[in-house]
There are 2 protein chains.
Amino acid sequence: MNGPQAAKWEMVEAGGRTAQSFGLNRLLGQIYMLLFLSREAMSLDQIAAQLGISKASASIASRQLESWGAVRRVWMKGDRKSYYAAETNLLRIVDGGLLPSLLKKLHSARIQIERSRRLLEEGDGDPDQKRFIRVRLDQAESYRSKIEALLENPIVRRIL
Amino acid sequence: MNGPQAAKWEMVEAGGRTAQSFGLNRLLGQIYMLLFLSREAMSLDQIAAQLGISKASASIASRQLESWGAVRRVWMKGDRKSYYAAETNLLRIVDGGLLPSLLKKLHSARIQIERSRRLLEEGDGDPDQKRFIRVRLDQAESYRSKIEALLENPIVRRIL
DNA sequence: GGGTATGTTTATTAATTTTTGAACGTTAAA
DNA sequence: TTTAACGTTCAAAAATTAATAAACATACCC
């Protein structure tokens with residue numbers, strides 16, 4: 001194998017391992033890295049062939065990546081195939097998928113804490129126990145909002 | 001079920017769902033939340049009983065949490081059982097497990113990029129192709145180091 | 001020492017996730 | 001209107017991960 005190919009393959013494997021280390025499907029990291037290191041956009045067949053996987057798997061994983069904004073579809077004139085290209089701008093990936101998804105989780109965490117607080121106050125029980133849970137729910141909400149503030153902080157964005 | 005119990009259970013379930021949404025074992029979120037909302041530390045038997053799981057599962061998950069610094073073992077005088085208590089200080093969890101683990105991943109990413117660059121430069125191949133891969137590896141390393149800088153930035157820590 | 005209460009490991013089972021080939025639907029060319 | 005080239009969906013197979021009971025190890029008590 002020549003230099004570029006060897007380097008690319010090494011990165012593709014590392015991408016797969018990294019994805020797995022975050023609890024994601026290995027293919028997500030592999031496909032992203034493959035596209036990141038490809039000069040031209042690739043069709044599903046090309047992706048599947050390069051990675052030795054079925055077209056079905058390539059299709060599912062590529063659309064997953066697309067939904068996160070990590071990859072985009074490009075159309076070649078005079079070709080019905082759809083091609084995928086990596087989004088190489090980190091901020092665009094962050095804004096287009098990662099950040100919204102984290103903010104959504106933080107939002108539902110807030111809703112959840114509110115719901116629990118309601119259950120706490122509406123039901124009865126030992127006052128001391130109630131007081132304790134109340135303090136902890138407040139603490140949880142305090143951390144939650146700090147994390148939210150962190151994600152939305154312009155200083156943080158500017159570092160990337 | 002009374003107020004505190006209902007509120008607690010609601011949070012335990014939410015913790016499990018949140019853990020799963022990050023690709024983690026559901027029990028990790030459930031146990032942490034159970035301990036976070038418990039006034040006293042809990043033994044493995046208590047944890048297992050409350051969540052309706054085996055002691056083996058409770059043991060494995062609790063130690064996992066402990067290794068991340070999210071939970072700590074406390075010893076009660078005159079009791080051979082080991083009890084677990086939630087670490088409720090977010091910064092301590094971040095410093096004691098989360099951050100080190102992310103920094104470790106970033107470190108091995110750097111090693112990986114270096115290895116690929118070596119493979120690229122040592123092997124032969126089309127010069128244009130080589131140049132392209134080189135640019136992308138540089139780009140990857142640039143993003144990697146920015147993320148590292150972000151995680152180590154004191155402003156970021158101060159927000160939490 | 002023998003007995004008991006622990007936590008951990010292990011081998012197995014159960015559940016979940018990933019992967020696939022084949023069926024399907026769609027589009028556009030022939 | 002066929003036919004062919006696609007991408008997607010689906011049901012089943014394969015692989016992985018989670019959960020368990022039982023065996024094991026350890027520390028403590030008598």
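Proteins come first, then strands; the chains are lettered A, B, ... in the order of their sequence lines, and each starts at number 1. Atoms considered below: every heavy atom in the structure, side chains included; atoms not considered: hydrogens, waters and symmetry mates.
Between Glu152(B) and Arg157(B) there is no salt bridge, since no side-chain nitrogen of the basic residue lies less than 4.0 Å from a carboxylate oxygen of the acidic one. Salt bridge annotation for Glu141(B)-Arg144(B): present, with a cationic side-chain nitrogen under 4.0 angstrom from a carboxylate oxygen. Using a 4.0 Å cut-off between charged nitrogen and carboxylate oxygen, Asp128(A) and Arg131(A) count as a salt-bridge pair.
Listed by residue number, the members of residues 35-50 of chain B with any heavy atom below 4.0 angstrom from DNA chain D form an empty set.
Rounded to whole Å, atom P of dT18(C) lies 5 Å from atom CG of Asn25(A). Taking atom NZ of Lys77(A) as the reference point, atom P of dA29(C) lies 15 Å away to the nearest angstrom. Between Arg26(B) atom CZ and dA14(C) atom C1' the separation is 13 Å, expressed in whole Å. Residue Gln30(A) contributes atom CD, which lies 13 Å from atom P of dT18(C) at whole-angstrom precision. One can place CD1 of Ile53(B) at 16 Å from P of dA15(C), the figure rounded to the nearest angstrom. Whole-Å rounding puts the Trp75(A) CH2 to dT27(C) C1' distance at 14 Å. In this structure, the CG atom of Leu24(A) is 13 Å from the P atom of dT17(C), given to the nearest Å.
The side chain of Arg73(B) places no N or O atom within less than 4.0 Å of a non-bridging phosphate oxygen (OP1 or OP2) of dG7(C). Here Ser59(B) does not reach the OP1 or OP2 of dG7(C): none of its side-chain N or O atoms lies under 4.0 Å away. The side chain of Ser54(A) contributes an N or O atom lying less than 4.0 Å from OP1 or OP2 of dT20(C).
A donor and an acceptor atom, one from each side chain of Gln20(B) and Arg17(B), are nowhere located under 3.5 Å apart. Ser21(A) and Lys105(B) share a side-chain donor-acceptor pair at under 3.5 Å. Using modelled atom types and a 3.5 Å distance limit, the side chains of Tyr84(B) and Arg73(B) yield a donor-acceptor pair. In this structure, a donor-acceptor pair under 3.5 Å is present between the side chains of Ser57(B) and Ser54(B).
Proximity of a side-chain donor or acceptor of Ser67(B) to a complementary backbone N or O of Gln64(B) within less than 3.5 Å is detected.
The outermost nucleotides of DNA chain D lying under 4.0 Å from heavy atoms of chain A, listed 5' to 3', are dA5(D) to dT9(D).
Among dT9(C), dT19(C), dG7(C), the nucleotide with an atom closest to any side-chain atom of Leu27(A) is dT19(C). Candidate nucleotides dT9(C), dG7(C), dT19(C) were compared by shortest atom distance to the side chain of Lys81(B), and dG7(C) ranks first.
In terms of polar N and O atoms assigned as donor or acceptor, the side chain of Lys55(B) comes within less than 3.5 Å of the base of dG7(C) in a complementary pairing.
Across all non-hydrogen atoms, the minimal contact from Ser43(A) to Lys81(A) is CB-CD, 3.5 Å.
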